[in-house]
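Some notes on the structure that comes next.
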2 protein chains.
Amino acid sequence: MVSSIAELISDRIGAMPAGERRAAQTLIANYPLTGLKTVAEFSAAAGVSSPTILRFVARLGFQNYPEFQSALQDELAAQLQSPASRTLNPGSAGGAASPMLEATLDNLRETFRHLTDKQLTDIAARLAERRGKTFLIGGRFTDPLARYMAAHLAIIQPDVYHLAGQESIWRDRLIDMGKRDVLVIFDIRRYQESLVRFAEKAHHRGVQIILFTDQWLSPIARFARHVIAGRTAVPSAWDSSAALFVVAETLIGAVTRQLEAAGAKRIRDLESLR
Amino acid sequence: MVSSIAELISDRIGAMPAGERRAAQTLIANYPLTGLKTVAEFSAAAGVSSPTILRFVARLGFQNYPEFQSALQDELAAQLQSPASRTLNPGSAGGAASPMLEATLDNLRETFRHLTDKQLTDIAARLAERRGKTFLIGGRFTDPLARYMAAHLAIIQPDVYHLAGQESIWRDRLIDMGKRDVLVIFDIRRYQESLVRFAEKAHHRGVQIILFTDQWLSPIARFARHVIAGRTAVPSAWDSSAALFVVAETLIGAVTRQLEAAGAKRIRDLESLR
DNA sequence: CAAAATACGTAACATAAGATACAGCGCTCC
DNA sequence: GGAGCGCTGTATCTTATGTTACGTATTTTG
């Protein structure tokens, strides 16, 4: 049995022509609001013509557009009256996504529970402090996180470098690093030998290391000035980096705030370069 | 300042004539649904005539009925998009990290609320279906997500390629793409012209496109077979990719499960190569 | 209690909404 | 490469929705 219209749509979205599928996707994207507007507005939002919307509605089994809207309204009414059911889509409540999502939400909460506000502020201050350069590097699966963070930091301040490619390449960059510089490392199980070696050498050169790792702590923690331990356990064969990702975003936010004045100017300058 | 229309009504309900007061009470009774219906339905529900409804709406300060409805819809949209962040994590109030984390948790819940289990399963099936190749690409800030997903997918199946570097480089890879292939694109505001062009060309070659975007839908949605719309709003100048990241991880998990048998063997083989 | 003012509903109107017919286009299949 | 089918958009039409004018009822006030 099909309980919600959203469900009905995703059931049939596969058997729809391109235009109607766009309509479906637009509706799902912010459900159910688009469906409560007029046909003209709906069609404009989806980028198709009005008849396509009507055909889409007809394909879902409704006689006409008002009938479709009534159905949406009834559904909304039911949802608004039992706020408990609002927490999650009933379709995905028992589905495959749920355990994964639940685990991730738990990881996030747990990670931030063990993370004091002071820690974040300190690290952000260290990153915002523009005395030296900032380098970022990650392991096999966490390198994208380093990239992501580098891309954002590079916007609000100069001298941000992501170390990529061959081990030999970033090893050679060591020569540019000194006491005033910061090295952000992402390393979760299984910890990478090459990263540990790199971290050790950087540490000996006096580089300040900020480590993103899992709750079991990479051996790099030994050399790190700041350690962020994220929860990574999810019901799967591999480890989740979601918690670390969110911490990274939070830090980016904190740094942005600290650099407000200088950062804003820099962003304006960047805009004008385009 | 009056934030919600409900508040506005209860402010002025004292100064209303009997008929309009009935209208007000009816609307409040199951707010805001009655207000989204037609004037005729509203008047029937309240047991008054249509002009009374219009006078009521006018008294609230709206020029006409559609304007009133738009206001209700906007309010509803705001309500639906930040579902009760206060219900969860009441303990962690206060810190600098908190607003960011709250927003991210909301984004996650909301993103998955709009994502049916069937959608995820379908997309995972498409990715697990080893008929052709899988290409992944992302925009300026989302490219790391493409990398991350590529790194994981590459472990459990062959023919997974991340498109990196110069636009000209990946444009040339188009020549390798055909009907049997899948292209995963990450694109959030501000949508990248180059990616749209690339998607269009790939689409014309018959490539199946899976799009990760924000709730406003990248123009690429037009060419996409599957669209995943994540919430990106956080209290900061930029957009958060955390929700998309978690969806990506969930998908990786789903694909892993579908490829269980074949994937396990592949992982063992990889291990023995080290 | 009477007179005035206000509120309300009926009915006619204008407008904008949804529905439909049709032609062009792209796609698929021979 | 050509014929057929199906999808999509433009333009037209129809419906019903929101709006307004006006007369009646009701309440309020002197």
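Fair warning: this is a prediction, and the values are worked out from it, not measured in the lab. Numbered from 1 within each chain, the chains take letters A, B, ... in sequence-line order.
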Completion exercise
Each nucleotide of nucleotides 25-30 of chain C classed B (base within 4.0 Å of a protein heavy atom), S (only sugar-phosphate) or -, in 5' to 3' order, makes ------
Please enumerate all protein N or O atoms sitting under 3.5 Å from an N or O of nucleotides 19-25 of chain D, with distances to 0.1 Å.
unit_1: D:dT19; atom_1: OP1; unit_2: B:Tyr65; atom_2: N; d: 3.2
unit_1: D:dT19; atom_1: OP2; unit_2: B:Tyr65; atom_2: N; d: 3.2

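The nearest whole Å value for the distance from the CD atom in B:Glu20 to the P atom in C:dT6 is 14 Å. Atom CZ in B:Phe56 sits about 15 Å away from atom P in D:dG18, given to the nearest Å. Atom P of nucleotide C:dG9 and atom CZ of B:Phe42 are separated by 13 Å, given to the nearest angstrom. B:Lys37 has its NZ atom 12 Å from the P atom of D:dG18, to the nearest Å. Rounded to an integer number of Å, the gap from A:Ile53 CD1 to C:dA17 P is 15 Å.
Nearest to the side-chain atoms of B:Ser49 among the listed nucleotides C:dG18, D:dT8, C:dT10 stands C:dT10.
Side-chain atoms of B:Arg222 and B:His203 form no donor-acceptor pair, as typed in the model, at a separation below 3.5 Å. In summary, the side chains of B:Glu200 and B:His204 do not present any donor paired with an acceptor at a separation below 3.5 Å, with no hydrogens or angles considered.
Nearer the 5' end of DNA chain C, as judged by each residue's closest nucleotide, is the contact made by B:Pro17, out of B:Pro17 and A:Ala40. Positionally, the nearest nucleotide of DNA chain C for B:Ala18 lies more toward the 5' end than for the other of A:Gln69 and B:Ala18. Comparing A:Arg21 and B:Thr38, the nucleotide of DNA chain D nearest to each residue sits closer to the 5' end for A:Arg21.
Not counting sequence neighbours, the partners of A:Lys37 by the side chain to side chain donor-acceptor pair (under 3.5 Å) test are B:Gln73. Considering only residues two or more places apart in sequence or on other chains, A:Ser43 meets the side chain to side chain donor-acceptor pair (under 3.5 Å) condition with none of them. Partners of B:Phe56 under the ring pair (Phe, Tyr, Trp, His ring centres under 6.0 Å) rule, at least two apart in sequence or in another chain, do not exist in this structure. Residues passing the salt bridge (Lys or Arg N to Asp or Glu O under 4.0 Å) test with B:Asp74: none are found, sequence neighbours excluded.
For the pair B:Phe212/B:Leu251, a side-chain contact is recorded, criterion being any heavy-atom separation below 4.5 Å from C-beta on.
Nearest heavy atoms, B:Tyr161 versus B:Lys133: CE1-CD, 3.8 Å.
A salt bridge is defined here as a Lys NZ or Arg NE, NH1 or NH2 lying under 4.0 Å from an Asp or Glu carboxylate O, and B:Lys118 with B:Asp122 meets this definition.
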